[in-house]
There are 2 protein chains.
Amino acid sequence: MNEFSDDTLPPALSDRLGYLLGQAHLAHRRRAEVPLASLGLGVKEFGALSVLADEGPLSQQRLGKRMRVDRTTMVAVVDELERNGFVERERDPDDRRAYALRANSQGRRVLRRADEAARRADAEFLAPIPTADRRQLKNLLRRLISP
Amino acid sequence: MNEFSDDTLPPALSDRLGYLLGQAHLAHRRRAEVPLASLGLGVKEFGALSVLADEGPLSQQRLGKRMRVDRTTMVAVVDELERNGFVERERDPDDRRAYALRANSQGRRVLRRADEAARRADAEFLAPIPTADRRQLKNLLRRLISP
DNA sequence: ACTGATCGTCAGTTTTACTGATGATTACTC
DNA sequence: GAGTAATCATCAGTAAAACTGACGATCAGT
């Protein structure tokens, strides 16, 4: 019907940032999802566990705001992390409405492995561009999303 | 509870490509959605219309494969484009199962305006980084998603 | 003519995230 | 101090998006 094969980049979209970001995000996630799942972590759970391990005990809503995830959505995310034994729901002694979520030692152990897996996925995904450009890509993205 | 304000970049995630791409994509889409919607175009419809205007008449599935959108999902996308009078569903004379989708003149007119809107959104989104870096960002993304 | 594949469509399901309400607790106001 | 308003986690219901599997119509190859 025309000269374009099915899986090349449509020229009409190749200069549109939204399309480029969307496809890149999708391609990257496809790579990262499987190895993380084999550790018992979804993408969102991985992110939540990372933040918890790094920023000490956090309430559920605060963790949610930190990740831009809705408060009601965080319930299921933390449920899953707790069910797998990675995170514990203690009560915040200074505000007994809120939890003091904390990554336990098993959570930290799995997080180290997940980090490796994520870095491997990043490396595979970034393979087409030179090392210096990889660092710069991250820098540019960071600056674009910094508030 | 700790020293982090709610809307700064979590350090634990700031080196994770998946997170950076996801947040960038989200932030960009928030900017682009509103102006496109005021022209009667969703993000996906905008993309489909762009490809159709650029790559001549296409069948629905071929358009779908081109955009990595499922065949059943394309039905609604083209429905919407047709309902707004931007695209016409002719039959492909060489294969009467398939459509020959074609952007009509109104579709092309609206596409020009949508393109401007999208470029404005891109520019706003890219404002935090220098001009040369903007071009490079697009180049890097293109190379990462090229098959 | 016959078989198997493909095109667009639809009904139904799954996934995902949200709104709005709840009980428990806290902070504020007087 | 008592009463009111706000906040925390949760849940039920809802909305949006994309998929599965089926369908009739059409095509390609035998």
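Computed from a prediction, not measured in an experiment: that's the story for all the values here. Residue numbering restarts at 1 for every chain, and letters A, B, ... go by the order of the sequence lines.
A heavy-atom distance below 4.5 Å is not found between the side chains of A:Q136 and A:I129. Taking 4.5 Å as the limit, some side-chain heavy atom of B:P11 sits within range of a side-chain heavy atom of A:E55. With contacts defined as side-chain heavy-atom distances shorter than 4.5 Å, the pair B:L144/A:F125 qualifies.
Put simply, chain A comes within 4.0 Å of DNA chain C, heavy atom to any atom, from C:dA17 to C:dT26, going 5' to 3'.
For the pair B:R83 and B:E80, the salt-bridge criterion is met [side-chain N within less than 4.0 Å of a carboxylate O].
Summarising the local packing, CZ of B:R68 is surrounded by 12 or fewer heavy atoms from other residues, nucleotides or ligands at distances under 6.0 Å. No more than 12 heavy-atom neighbours from other residues, nucleotides or ligands sit within 6.0 angstrom of CZ on B:R113. Within 6.0 Å of CZ in A:R135 there are 12 or fewer heavy atoms belonging to other residues, nucleotides or ligands.
In this structure, the CZ atom of B:R96 is 19 Å from the P atom of D:dG24, given to the nearest Å.
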| message | Set out, in order, the CA-CA distance, both residues' side-chain angles and the distance that settles salt bridge (charged side-chain N to carboxylate O under 4.0 Å, His left out) for B:E88 and B:R102, then state yes or no. | response | CA-CA 5 Å; B:E88 275 152 33; B:R102 166 186 320 276; 6.0 Å; no
| task | For each nucleotide in nucleotides 4-17 of chain D, reading 5' to 3', give B when a protein heavy atom comes within less than 4.0 Å of its base, S when such contact involves only the sugar-phosphate, and - otherwise. | result | --BBBBBB-----S
